[in-house]
Amino acid sequence: MAQYTRVSGSVGLITLQSPPVNALSAAMRQGIVDMMQRALSEPEVKSVVICGQNGIFCGGADIKEFGGQMSGPPLIPMIHAIEAASKPVVAAIEGIALGGGLELALGCHYRIAHSKARVGLPEVTLGLLPGAGGSQRLPRLIGVPAALDLITTGRHVTAAEALKFGLVDQITDHNTVNVAVKFAQRVADQPLDARRISTYPCLCPSDVAVLFEEVMQRVRRTARGAIAPIACVQAVRAAATLPYNQGMERERELMATLFTSGQARALQYFFFAQRAVGRWSMPSGARWDTSKPRPVHKAAVIGLGTMGRGITVALAQAGFSVVAVETQEKQLMEAKQAISGMLERGAKRRGVAPALDKINYGRNIQSVADVDLVIEAVFEDMALKKKVFQQLSAVCKPSTFLCSNTSGLDIDQLACQTRNPELVVGMHFFAPAHVMKLLEVVYGPKSSPLAVATAMQLGKKIGKVSVAVGNCRGFVGNRMLKPYLEQALFLLEEGATPEFVDQVLEEFGFAMGVFRMSDLSGLDVGWKVRMADGLAMPDPTTGQPTRLRQGRRYSPLGDLLCEQGRFGQKTGRGWYQYDKPGSQVAKPDPWLHSFLDEYRARHALVAHRIDHQEVLERCLYSMINEGFRILEDGIAAGPEDIDVIYVFGYSWPRHHGGPMFYAATVGLNKVLERLEHYYQAHPDVPSLQPCHLLRKLVASGRPPIQKWREVIKKVRSQL
Ligand code: 3H9
């Protein structure tokens, strides 16, 4: 775990050896303690260098150990012992020094970093704080404002930025370990008193109280209910106001609260879930590790509306040559201007040249003849998409992958329009496509593992978290959204207001409640889909908007608003009112409240008092129930896929882990019991009927979420 060698005669070199990231497991901590003792006891050794093997210093505490019984030497005394050592200790930082890894480096007397290294204290993203002295040492080293920024955001900083902060003493482009060894030889006789960060005073700006107040307010606003960012501010405040030992005591207390919190468990689950989705599999047995992607050099985007523009920017920014096609001259001109602006703004933010020359624009679909992969992003209209796929199949070389950026249409129908249906997959981006992290890669019954692997790899290259999902209406994300939206409308019919429903969902942690979100995305989008499905029509016998469709309850409220031209923010009216079209400040609308009263009266609906619990349970549990159906149907391979889709695509609060993890936290028996209760009250709402897999999981003793796949396998084999 930690290897010891003596180099250059007088330097004890301790190398952390625990792939993949040299995490500080119990065995690693024991190794460091032992090797430090050895280095300090050898009289020939005058100084020590700590480095990590394979160009990685250390990724911090071993997150896998968090759930279990802690063993081995604790981190804090280990770091104190390094700091207290009588011989200079130099950290040679290559690759990364994150979390406990950086805390270890802060315990060393000097830090030398490679110019490409990144350092940070990302504990907040795991529901924790830097609990091995990081919250107390960092502000003492780099000052309170910079430490607050790093610790509350968890962001990684480059070596250059770290040098500017004074976080590292030197950066190098050469072999970091060699440079550190030479440095260690030079400082071997230097006194160490001024190098122990825990002894430094915490220098504060004069208005430190105001600073903490402002940061606390900002953090509370953006945390959406997460407790770790708040504890991080409290810990840094302790560094600024208390002597080191008392600050450490406060850090310990805050860490103890966070460590056992449900939020930390959720965030740590989510850390591994994000990585698990890369290990995709298909019901056919095809898998990520047996399916090789084909390289893509040149891609094309067809249709330069909002989505097509974002996709073009994402591809160009990642270095792909892009042919961007828009058949309408006016649209093409507007798109060119918009895309250039997006690229220029993005390049300015990242301090690089804009990738304008990566894009060739065209009005003719023939211009995509030689590309390796096409992403079709025309209107969400099956007939139009089919036509485009027929043309693409005729124009493109036979090996070209044809992908559709549809948000829910049948991929198989598109594949059937082409000569090579095995090369067709869905690539469902989320708006704005150059910003949002999520990509649903949708495989149809004919999609080959090669096509899935290629789309997944492309997604990774353009910085997306890609999740492979099966083909069904709405795929995973939008399929689960349907019962959620439906319940929100039913709650309005039964007496709630949009403001109340949104407030409950926002208090839960969503960035936006369901109605504010609908106003932002535009009510007309769903209306068009419902019209195409023959849903948004009045009952032919009464001429009234119908509340029952195919034996199921249906709420025409959204359709009625659209008929009034209330499309949301863009028209200045929707579920809320806005000062002017395009404004983002939603205000409750008295018109809407009277409209709801009249609607209820017309349909003889008696408003009842709806409380927080009912809003949350009906909106979330109906969505979760659909999630279980999706697992049962094999559309998602595991609960992690659903959770990652919901956090990255639908602003599900990460500290609740995702809908499926949340269900496990609430207790599957409770979710089942509440769904049964609501289904009994609303037997015409099938989405409230608990699904078979949920019942099966409860009957099998509510196994932990990591074991659900075994039950899913059994249920699916019985189908
Ligand atoms: C902490 O330090 C608390 C202390 O303050 C106080 C304690 C008292 N542990 O992401 P990748 C695995 S909290 C265990 O795919 P990349 C990861 O699961 C910790 N495993 O690669 C994956 O495994 P697999 C603070 C870890 O190159 C493999 O390594 N530290 C850990 O894209 C490769 O990971 C952090 O928050 C870990 N600490 O990114 C850093 N880290 O192959 C968390 C990684 O089986 N880590 N693994 O799926 C990261 O941010 C990224 O993994 C990193 C590499 C940037 C390091």
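Ligands are counted one by one from 1 in listed order, and the atoms in each one are counted from 1 as well.
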Report task. Before giving the answer on salt bridge (charged side-chain N to carboxylate O under 4.0 Å, His left out), spell out for Glu253 and Arg250 the whole-Å C-alpha distance, their side-chain angles and the decisive distance to 0.1 Å. Result -> CA-CA 5 Å; Glu253 284 164 11; Arg250 185 77 181 120; 3.1 Å; yes

**Report entry** For His114 against Asp173, the heavy-atom pair lying closest together
**Finding:**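 Between these two residues, the closest heavy atoms are NE2-O, 3.3 Å.
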
Test item: protein heavy atom less than 4.0 Å from [atom]:
| atom | answer |
| --- | --- |
| atom 46 (N) of ligand 1 | yes |
| atom 32 (O) of ligand 1 | no |
| atom 21 (O) of ligand 1 | no |
| atom 13 (S) of ligand 1 | yes |
| atom 16 (P) of ligand 1 | no |

Which residue and non-hydrogen atom of the protein lie closest to [atom], and at what distance in Å?
| atom | result |
| --- | --- |
| atom 43 (C) of ligand 1 | Phe271 CE1, 3.5 Å |
| atom 56 (C) of ligand 1 | Ile96 CD1, 3.3 Å |
| atom 55 (C) of ligand 1 | Leu98 CD1, 3.8 Å |
| atom 18 (O) of ligand 1 | Phe272 CE2, 3.5 Å |
| atom 54 (C) of ligand 1 | Val21 CG1, 4.5 Å |
| atom 28 (C) of ligand 1 | Pro20 CG, 3.4 Å |
| atom 34 (O) of ligand 1 | Arg275 NE, 4.1 Å |
| atom 40 (C) of ligand 1 | Gly59 O, 3.4 Å |

Query - Tyr244-His80 aromatic ring centre distance below 6.0 Å - result: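 Judged by ring-centre distance (under 6.0 Å), Tyr244 and His80 do meet the cut-off.
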
Query raised in the report: Taking the six-membered ring where the residue is Trp, are the ring centres of Tyr646 and Phe270 under 6.0 Å apart?
Result: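 Between Phe270 and Tyr646, which both carry aromatic rings, the centre distance is not below 6.0 Å.
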
For [X], atoms of ligand 1 separated by under 4.0 Å from a heavy atom:
| X | answer |
| --- | --- |
| Asp62 | 9 (N), 14 (C) |
| Pro130 | 5 (O) |
| Ala61 | 1 (C), 2 (O), 3 (C), 9 (N), 19 (C), 37 (C), 38 (N) |
| Gly99 | 2 (O), 25 (C) |

[X] (side chain) donor-acceptor with [Y] (main chain) under 3.5 angstrom:
| X | Y | value |
| --- | --- | --- |
| Thr290 | Ala286 | no |
| Gln268 | Leu126 | yes |
| Asn22 | Ile56 | yes |
| Asp641 | Val467 | no |

For ligand 1, which is the ligand I care about here, please tell me if [X] has any N or O atom under 3.5 Å from one of the ligand's N or O atoms.
| X | answer |
| --- | --- |
| Leu126 | no |
| Ile63 | yes |
| Arg118 | no |
| Leu75 | no |
| Met255 | no |
| His156 | no |
| Glu103 | yes |

**Report entry** Pick from Lys460, Glu123, Arg279: the one approaching atom 42 (O) of ligand 1 most closely through a non-hydrogen atom
**Finding:**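 Looking at heavy atoms only, Arg279 sits closest to atom 42 (O) of ligand 1.
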
Query raised in the report: Would Arg196 count as a cation-pi partner of Tyr200, with NZ or CZ less than 6.0 Å from the six-membered ring centre and within 45° of the ring normal?
Result: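 Here Arg196 fails the 6.0 Å and 45° test against Tyr200.
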
Just by distance, with hydrogens left out, do [X] and [Y] show a side-chain donor and acceptor under 3.5 Å apart?
| X | Y | answer |
| --- | --- | --- |
| Tyr269 | Asp643 | yes |
| Glu251 | Ser135 | yes |
| Gln136 | Ser198 | no |
| Arg195 | His109 | no |
| Gln30 | Asp34 | yes |

Report task. Indicate the ring-plane relationship of His656 and Trp652, choosing parallel, tilted or perpendicular according to the 30° and 60° boundaries. Result ->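 Perpendicular.
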
Requested in this report: Answer yes or no for Gly134: is there a heavy-atom contact with ligand 1 below 4.0 Å?
Outcome: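 Checking ligand 1 against Gly134, which is what was asked, there is no heavy-atom contact under 4.0 Å.
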
